[in-house]
Amino acid sequence: MAKDKKNNRKYSSLVVDGNEKAAARAMLHAVGFTEQDFQKSQVGIASTWSNLTPCNMHINGLAEAAGLGADEAGGKAVTFNTITVSDGISMGSPGMRYSLVSREVIADSIETVVCAEGFDGFVAIGGCDKNMPGCAMAMARIDRPSVFVYGGTIKPGKNRRDVVSVFEAVGQHAAGKISDIQLKEVESTAIPGPGSCGGMYTANTMASAIEALGLSLPNSSAQEAISENKRIDSYAAGEAVVKLINEDIKPSDILTIKSFENAITTVIALEGSTNAVLHLLAIAYAAGIPLTIDDFSRIGKRVPVLADMRPAGKYAMSELIEIGGIQPLMKTLLDEGLLHGECLTVTGNTLEENLSKVKPYPPGQNVIRPLGNPIKKDSHLVVLRGNIAPDGAVAKITGHEGLLFQGKAKCFHGEEAALKAILEGHIVNGDVVVVRYEGPKGGPGMREMLSPTSALNGRGLSDSVALITDGRFSGGSHGFVIGHISPEAFEGGPLGLLKDGDPITIDAEAKSINVEISDEELASRLASWTQPEPYAKKGLLAKYARLVSSASEGAVTDR
């Protein structure tokens, strides 16, 4: 039952009520408040609009729709912006160091505005990869009634291309497989307009995970950016947050260990990005939920991979949308006892209630496999440990790569050196490319290795070469790749002690990653190891490096 107006305004009333708050009201009159508006719940609309990336270029329209929904439901919407950076543009450059950092800036900036201005609730709208976990971390941390809206996926480009097609074309060009003209044609036709990258890459993965957590409205994760459904979703989110304010339903009522298990289960079934591990750990930390990387292994033993989605599979997000999005998949998982249906969501209903009327996928579709014929019988997200990664590492093992890789190390200090070696043909079958000093502190910022992995794929080496790193991977990466190696090289982790020619074994079934040398040899190398100079000594990157936790803990900055 709705509470009285005073309780509905328990934050905004502290800012605008009483004679002593006349100056605050005067300021708000100037931005369009009427006398009646001061008696309404104030709803912040956190927009990540920017024209610097296709992922976010349309979000101003979605923010307007969300604000209209809140206003017409009896609230007073106030829109504000936070930042975004483009992974696709900064990938492979020094600018990519700021990508994961932006997640923290987004969460911090939303917290700053919502709490400083006394909003009673808010809608957060995200497009590019780090927007989504940043918004969800803010929701969990602030713990006021709130709803997340995903900006939506991009439409496929010519010949079903997407941004990963361009990165892989660079590798094909370096191998002499395509000409300058062909590379330019791919470049010019892969990105047709607004929306986030079109496979089950990090953006679509995290949108799906947040829906499974219960923080967005049903099917918010499976809509194209430029669609009437996405506009309706945004409007409905504005309405929904006013209802949540009236009923005093907060993220702490929604986020539990069971809701995180739902998110992990959904990500696994969708063959989602390894970044989901990093981001779900961070959201859980913000919510005070004791999630660990070992929970991914525990849940992964019983959850199959069902989605034949890019990058390892065939289909784009738009093709999943055409057959009904993720809701029928979630209904299947629920019916099989793989989801917790009792978990509350931002609709005010439970997950089971939200899914009760969902229809199954149409006959003949091939995007989502039946439970009896999975792509992989257990999780593709494999947490590895061993003398290279005592605190854990994360691999995406889809079944296409095989389950065992043995090879010799070729070591590189940073992504650029590794990419140069790949493009110049210095990496050959049986190599284990070691990219180090790219961790949370050493990078800093855990750059994504999409350029090196795409170059390997473009040169036809993804089946015969492994890449391991204390950095991370784009959701568009595939192949025998292992990231998030902890402790990282910059902290004296074993990754920094490897030498060219060291024999390395990666065993996905045993969940191990080891260098075949003695403990005594590793200890001797550590004794002579010296920490390299930090990449940055002042400014945001230096501050981030001082504060950030291990990747195995979500790489958060407020522990």
Using the salt bridge (charged side-chain N to carboxylate O under 4.0 Å, His left out) rule, take R385 and D294 through it: C-alpha gap first, then chi angles, then the decisive distance, then the call.
CA-CA 11 Å; R385 280 191 168 85; D294 294 320; 2.8 Å; yes
Look at E271 together with K376 and state whether they make a salt bridge at an N to O cut-off of under 4.0 Å.
no
Please examine the side chains of N204 and Y150, heavy atoms only from C-beta on, and report whether any two atoms are closer than 4.5 Å.
yes
R144: which residues meet the side chain to side chain donor-acceptor pair (under 3.5 Å) condition with it, sequence neighbours left out?
none
By side chain to side chain donor-acceptor pair (under 3.5 Å) - contacts of T112 (at least two apart)
none
Side chains of S99 and D87: do they bring a donor and an acceptor to under 3.5 Å?
yes
Backbone N/O of A316 and side chain of E319: donor-acceptor pair under 3.5 Å:
yes
Start with the C-alpha gap between N354 and T347, add the side-chain angles, then the distance that decides, and say whether side-chain hydrogen bond (donor to acceptor under 3.5 Å, both in side chains) holds.
CA-CA 8 Å; N354 290 346; T347 64; 3.0 Å; yes
Test item: side-chain donor near acceptor, Q327 and E211, under 3.5 Å:
yes
Note, D378 side chain near V303 side chain (heavy atom, < 4.5 Å):
no
Is the shortest side-chain heavy-atom distance between M449 and R472 below 4.5 Å?
no
Hey, is K155 close enough to E224 for a salt bridge, meaning N to O under 4.0 Å?
yes
Whether E448 and K130 form a salt bridge (side-chain N of Lys/Arg under 4.0 Å from carboxylate O of Asp/Glu) is what I want to check.
yes
Under the side-chain hydrogen bond (donor to acceptor under 3.5 Å, both in side chains) criterion, do S462 and N457 qualify, and how do the steps go?
CA-CA 5 Å; S462 59; N457 292 329; 3.1 Å; yes
Any ion pair linking R310 and D162 (charged N to carboxylate O, less than 4.0 Å)?
yes
Does the side chain of T350 pick up a donor-acceptor pair with the side chain of E342 at under 3.5 Å?
no
Test of understanding: with side chain to side chain donor-acceptor pair (under 3.5 Å), list the residues that count as partners of E553, not counting sequence neighbours.
none
Please check if atom NZ in K543 has more than 12 non-hydrogen atoms from other residues, nucleotides or ligands closer than 6.0 Å.
no
I would like to know whether E415 and R97 meet salt bridge (charged side-chain N to carboxylate O under 4.0 Å, His left out); could you show each step before the answer?
CA-CA 11 Å; E415 177 185 1; R97 301 179 195 279; over 6 Å; no
N514 and T505: side-chain donor and acceptor closer than 3.5 Å?
no
Is the shortest side-chain heavy-atom distance between Y544 and V105 below 4.5 Å?
no
Quick test of your reading of the model: are E336 and K331 salt-bridged, counting only N-O distances below 4.0 Å?
no
Measuring only between side-chain heavy atoms, which start at C-beta, is T205 closer than 4.5 Å to N275?
no
